[in-house]
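This report refers to the structure that appears directly beneath it.
Note on naming: letters A, B, ... go to the chains in the order of the sequence lines (proteins, then strands), and numbering restarts at 1 for each one.
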Protein chains: 2
Amino acid sequence: METPTSRPATLDDVARAAGVSRATASRVLGGYGFASVDARERVGAAADRLGYVPNVTARALVRGAGVRLVVAVAGTDAGVLDDPYVDRLVSAAARVCAPHGVGVALEWLPLDAPAGLRRLGDDRSVCGVLLVNTTARVLDAVPAGLRGRVVSIGTGSPAVPSFDVDNAAGADAVLRHLHAGGRRRIAMVTGPRWLSCAERSVTAYEGLMRAAGLPVRLVTGDFTAARGGRAALEAMTRWPDTDAIYAASDATALGVIAALRGRGIGVPHDVAVGGFDDIPYAAVSSPALTTATHPVARIATAAATAVLDGRPVPPVTAFPSTLVARESA
Amino acid sequence: METPTSRPATLDDVARAAGVSRATASRVLGGYGFASVDARERVGAAADRLGYVPNVTARALVRGAGVRLVVAVAGTDAGVLDDPYVDRLVSAAARVCAPHGVGVALEWLPLDAPAGLRRLGDDRSVCGVLLVNTTARVLDAVPAGLRGRVVSIGTGSPAVPSFDVDNAAGADAVLRHLHAGGRRRIAMVTGPRWLSCAERSVTAYEGLMRAAGLPVRLVTGDFTAARGGRAALEAMTRWPDTDAIYAASDATALGVIAALRGRGIGVPHDVAVGGFDDIPYAAVSSPALTTATHPVARIATAAATAVLDGRPVPPVTAFPSTLVARESA
DNA sequence: CTGTTAGCGCATTCAA
DNA sequence: TTGAATGCGCTAACAG
């Protein structure tokens, strides 16, 4: 805090003020290598007297490290970025990255042109990539240069470790709850069908229905409330005796409930509704939504931490999803 | 795409492959300065043959530019970061920053120790700061070194341009709607009282109530649904004849509605409820929420763009908020 | 334990 | 119009 109006202090300034060489200053400030107590003290004092802040850019350059973590969301159009789920991922990642001097960038990865990934691999300023909404095609397009610094929030591959919620278990829990409540004609509003991690809950649904000898009633959704509402109406038209709807996301479920209400169908009296995600509004909706947890922030935190640390990661890290029984089912 | 397994190409590689000097290659790739058509062609060809991607880190270092945009959220504790509003801001900023090679970091700024701002000002790797939830104290703590690269999402100051929604107009619109619907005993659940941008809607409320000769009934909230619910109960206890509640945020309003419902109070029949933000779930809640718009993503986009561009910015950029009349009022 | 020496990859003077 | 040289701020060998 010596000269408030001048330019920020550099390592050189600190070294000079402390009467040591730049290398020594670097060592004590960096915390590695040897340094006498005396040197340590003087450098430390000089540093905070001058208000020294290491220049992350220079450090990254010389170490060949990156300064950006890219969140790449695959999808048919840039609209996939307009999703509270993505917001939460990015925000959690940005929070983890901050203390490391790393920033987060958000990009859309065109589903049919995953070649954009090559660019990321060749960009030395990128310290890691978080892939979101992966497909087999996207995973195949991951360049070798990205190995070890790319993870998937969703389905993984041999080259791309996965960090994801256990969709199947979550779906299972909600569906069993529906069944335990006496529901026997359960329709499901899915997520986008191209999304492999969302397919896991569809698989769980189909498996459960078949095992119980119940009809399989699928309507395609896209995780949005608007589409959920339309899907619910479609389901009730095609199968009027439906007594429960399982939605692949809470947003979808809220849309389903709103549409049912609009049709004068009582929830849960006539039709029970279950969701997935346990978003904040699930607790205050009317009726309060029965759903399964989805620890989005924890997942993003773990994923970002993994690429920041750069240590080897198990091929798949599954985060449990547990039932939250409320009023809608 | 010459040698896929080797290290990413550098400017040197491109220059060598094109048979020109590094300086020339830099000029044509950077788009500035002169270069013969021939040189331009050869460098361009070499660049994309080698899959050259400029190293943002090196570029930033030499130009003295930053590589990170820091979103600093002021608050009493780190919990302020757990807010969908913050998520949206960060996400929108990360989207704008991506094409510039800039990443976004998210930090909590302790309300009583805004000295952390000095560190940001002295950090040469920080290209800009987005202040969120500002107070006078925080604004005063903005170091001179940050001038020109810091903006506020909320209240500003002579040194910190403001980008914010027109809270007063939004509050005004909802309150007038309530009044037009015949409500005369309108309570308000506020945001945190230390938050100056949230106080603007309180001021609007008080002004309107006084002008209409109506009672002022304030309960302090914190933008959350949980607190909104408790506040609603408190209001109905203190002033049982209350016929409308204006909440400073949609989350609060949803909490209010849930609490009222729990007490058997009909919305909007007994008590009308208005919110602010127009979050996605406002449209599908039951009853659908009457509220005013809050273009969070647009605000963050404009704010981030302003600091990235580095051009002078007007002291305050207000984003309009308009009424969305639905069922709750 | 410490200082000297080399760069990291790039933009930008200055001369040619 | 181009190339050679310089340095952004820092870390990592290396030699003292």
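The shortest distance between side-chain heavy atoms of A/R147 and A/V142 does not fall below 4.5 Å. Residues A/S125 and B/N55 form a side-chain contact, since some pair of their non-hydrogen atoms from C-beta on lies under 4.5 Å apart. Side-chain contact between B/V53 and B/P8 is absent, with no heavy atoms from C-beta onward closer than 4.5 Å. Annotation: side chain of B/D164 is not in contact with side chain of B/T155 (no heavy-atom distance under 4.5 Å). With contacts defined as side-chain heavy-atom distances shorter than 4.5 Å, the pair B/D13/B/R16 qualifies. Side chains of B/R40 and B/V43 form no contact here, defined as non-hydrogen atoms less than 4.5 Å apart. Residues A/L195 and A/C197 meet the side-chain proximity criterion, which asks for heavy atoms closer than 4.5 Å.
Screening residues 303-318 of chain B for salt bridge (Lys or Arg N to Asp or Glu O under 4.0 Å), with sequence neighbours left out, gives B/D309-B/R311.
When heavy atoms are screened at a 4.0 angstrom cut-off, B/T10 is found touching the sugar-phosphate backbone but no base atom.
Comparing A/G30 and B/A39 by the nucleotide of DNA chain D that holds the closest heavy atom to each, the one mapping nearer the 5' end is B/A39. Comparing B/D38 and B/A58 by the nucleotide of DNA chain D that holds the closest heavy atom to each, the one mapping nearer the 5' end is B/D38.
Screening A/V126, A/L106, A/V307, A/D123 against A/V70 for a side chain to side chain contact (heavy atoms under 4.5 Å, CB included) leaves a single residue, A/V126. The side chain to side chain contact (heavy atoms under 4.5 Å, CB included) with B/L109 is formed by just one residue from the set B/L117, B/V129, B/V73, B/T135; it is B/L117.
Proximity of A/T24 to the phosphate of C/dG3: a side-chain N or O atom is located under 4.0 Å from OP1 or OP2. For B/Y52 and C/dG9, the shortest distance from a side-chain N or O to OP1 or OP2 is not below 4.0 Å. Taking only side-chain nitrogens and oxygens, A/S36 never comes nearer than 4.0 Å to OP1 or OP2 of C/dC1.
The nearest whole Å value for the distance from the CG atom in B/L11 to the C1' atom in C/dT12 is 13 Å. Between the CZ atom of A/R27 and the C1' atom of C/dT5 there is a distance of 13 Å, rounded to whole Å. If you measure from atom CZ of A/R42 to atom P of C/dC1, you get 15 Å, rounded to the nearest angstrom.
Only at 4.0 angstrom or more do the heavy atoms of residues 122-129 of chain A sit from any atom of DNA chain D, so none qualifies. For the segment residues 60-70 of chain A, residues with any heavy atom less than 4.0 angstrom from an atom of DNA chain C are, sorted by number, A/L61, A/V62.
Atoms CG and OH, from A/D12 and A/Y52 in turn, are 9.5 Å apart once rounded to the nearest 0.5 Å. We find the OG1-CD1 distance between B/T317 and B/I299 to be 10.0 Å, quoted to the nearest 0.5 Å. Atom CG of residue A/D122 and atom CZ of residue B/R7 lie 11.0 Å apart, to the nearest 0.5 angstrom.
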Throw together a table of side-chain donor-acceptor distances under 3.5 angstrom for residues 85-105 of chain A, partners on residues two or more places apart or in other chains.
unit_1	atom_1	unit_2	atom_2	d
A/D87	OD1	B/S91	OG	2.7
A/S91	OG	B/D87	OD1	2.7
A/R95	NH1	B/D82	OD1	2.8

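The span of DNA chain D lying next to chain A, judged by atoms under 4.0 Å from heavy atoms, is bounded 5' to 3' by D/dG9 to D/dA13.
Listed by first residue number, the stems of DNA chain D with at least three Watson-Crick or G-U pairs below 3.5 Å are C:1-14 with D:3-16.
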